[in-house]
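What you see below is based on every heavy atom in this structure, not just the backbone, and it leaves out hydrogens, waters and symmetry mates. Letters go in sequence order (proteins before strands), and every chain restarts at 1.
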Protein chains: 2
Amino acid sequence: MPLIKTSKEEIIETALKVFRENGYYHTSMSDLAKACGLQKGSFYHYFDSKERIMDAVLSKVLHTLKEEAFPIADDKSLNDRERMQKLMLTIGKIMLQQNGGCIAANTSLETNGKEVMFRKTIKEIFLGWELALSKIFSNQFPEGTSKRMAEQAVMEFEGAVMLSQLHNNDQYLKDVFVRTLSKLR
Amino acid sequence: MPLIKTSKEEIIETALKVFRENGYYHTSMSDLAKACGLQKGSFYHYFDSKERIMDAVLSKVLHTLKEEAFPIADDKSLNDRERMQKLMLTIGKIMLQQNGGCIAANTSLETNGKEVMFRKTIKEIFLGWELALSKIFSNQFPEGTSKRMAEQAVMEFEGAVMLSQLHNNDQYLKDVFVRTLSKLR
DNA sequence: GTCTATATCAAGATAGAC
DNA sequence: GTCTATCTTGATATAGAC
């Protein structure tokens, strides 16, 4: 019988992948436990409900975005196009996965209208994302315009993730990257 | 075109609303039965599995789009802007709901990577939608351009639905309507 | 066509041994 | 910290009476 200690951090990382692959409601505590190499009972030692795991997962995602992605908008060593490209790629790396979708968008849509503790975290994720994009746009466009361009970029990105998955074709996402970049000189 | 709604038709209409509100996996057969004013056992008289109900729901949505929405792109009595406006509003009426999301996008994301019978119907919905939009754009833009503009409009629409729900603010969706319309003269 | 009753299984969650 | 065992509830689905 293996007695391998697991850390809460590792569980959150694994749970992120499982949730992204199967969605919130379609993922069971057994699924999460199994993916972590634990029995269901052991899993409750770390998290006492599914809601709290997702809360931890999304808080981790937000934290990572704040650490690694959003500051790119202020990186003085890059020009606007370079910032935008690096920002979009980094956000993609954090939020997306080979064949899973966007953890933030999927969870938002699934839990729309439900009373779950992590909705405020999802809002923060998208507001932070919009703010970072609009900072870059605001170097070349007026305030109101740059805000709407940022919102538009986020919407296109999420729509593209959906269509790319549905048709199993990266082109939708690639087009959005090119289109968003091409708005900057 | 059926003049009299059968019971099965009514169930499909009700199921559409429930699925749109609660999602595919988070909706139970009990939920559907209750919403139809039936006992669970009675419900199985009409549909013997949840998958078949969703299949019927999405087929009905596709059929309605083909009958009522997509032909607007060919309506000779309207100019391009009028066609676009009427098309977008009609698609919104069929696919969206007060506070529920887009049945096609939500179901697509939830069942991504799963083997369910209705994925091909979802693909048809989005391909039909893109085609209708690109028909209108192609009156004023070259072929390749109009195709990408149509894809972009769909992506923005779906992203806007997500953000409008998340922040409980219609403005995202309204902006997309205005922006898409403004591309036409 | 609708109901009640029930079988079967999975889910969320807890208790207690080691 | 991990396990097995168990509780409770809810889910899918079927059987059979009216």
Which nucleotide in C:dG1, D:dT12, C:dC3 has an atom nearest any side-chain atom of B:Lys40:
D:dT12
Given C:dG12, D:dT2, D:dA13, the nucleotide with the shortest approach to the side chain of B:Ser49:
D:dA13
Between [atom2] on [N] and [atom1] on [X], what's the gap in Å once rounded to a whole number?
{"X": "B:Ile53", "N": "D:dA11", "atom1": "CD1", "atom2": "P", "answer": "14 Å"}
{"X": "A:Phe47", "N": "D:dT2", "atom1": "CZ", "atom2": "P", "answer": "13 Å"}
{"X": "B:Arg52", "N": "D:dT12", "atom1": "CZ", "atom2": "P", "answer": "16 Å"}
{"X": "A:Phe43", "N": "D:dA5", "atom1": "CZ", "atom2": "C1'", "answer": "20 Å"}
{"X": "B:Asp48", "N": "D:dA15", "atom1": "CG", "atom2": "P", "answer": "12 Å"}

Verify the neighbour count for atom [atom1] of [X]: are there more than 12 heavy atoms of other residues, nucleotides or ligands below 6.0 Å?
{"X": "B:His167", "atom1": "NE2", "value": "yes"}
{"X": "A:Lys147", "atom1": "NZ", "value": "no"}
{"X": "B:Lys93", "atom1": "NZ", "value": "no"}
{"X": "A:Gln85", "atom1": "CD", "value": "no"}

Any donor-acceptor N or O pair under 3.5 Å, side chains B:Gln171, B:Asp175
yes
Difference in axis direction between the ends of the helix from C:dG1-D:dC18 to C:dC18-D:dG1, five pairs, 10°
0°
With a 4.0 Å heavy-atom cut-off, tell me which residues in residues 21-35 of chain A come close to DNA chain C, sorted by residue number.
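Close to the strand are A:Thr27, A:Ser28, A:Met29.
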Between the base of D:dT12 and the side chain of B:Lys50, is there any donor-acceptor pair under 3.5 Å?
no
Using 0.5 Å steps for rounding, measure from the CD1 atom of B:Ile11 to the SG atom of B:Cys36.
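Rounded to the nearest 0.5 Å, the CD1-SG separation comes to 5.0 Å.
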Between [X] and [N], is there a contact of a side-chain N or O with OP1 or OP2 at under 4.0 Å?
{"X": "B:His45", "N": "C:dT2", "value": "no"}
{"X": "B:Tyr46", "N": "C:dT2", "value": "yes"}
{"X": "B:Tyr44", "N": "D:dT14", "value": "no"}
{"X": "B:Gln39", "N": "C:dT4", "value": "yes"}

Using the ring of each side chain (for Trp, its six-membered ring), is B:Phe47 parallel, tilted or perpendicular to B:Phe43, with breaks at 30° and 60°?
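Correct class here is tilted.
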Pair A:Trp129 and A:Phe157, ring centroids less than 6.0 Å apart:
yes
Could you go step by step and tell me if B:Glu110 and B:His26 meet the side chain to side chain contact (heavy atoms under 4.5 Å, CB included) rule?
CA-CA 10 Å; B:Glu110 264 197 278; B:His26 198 52; 5.6 Å; no
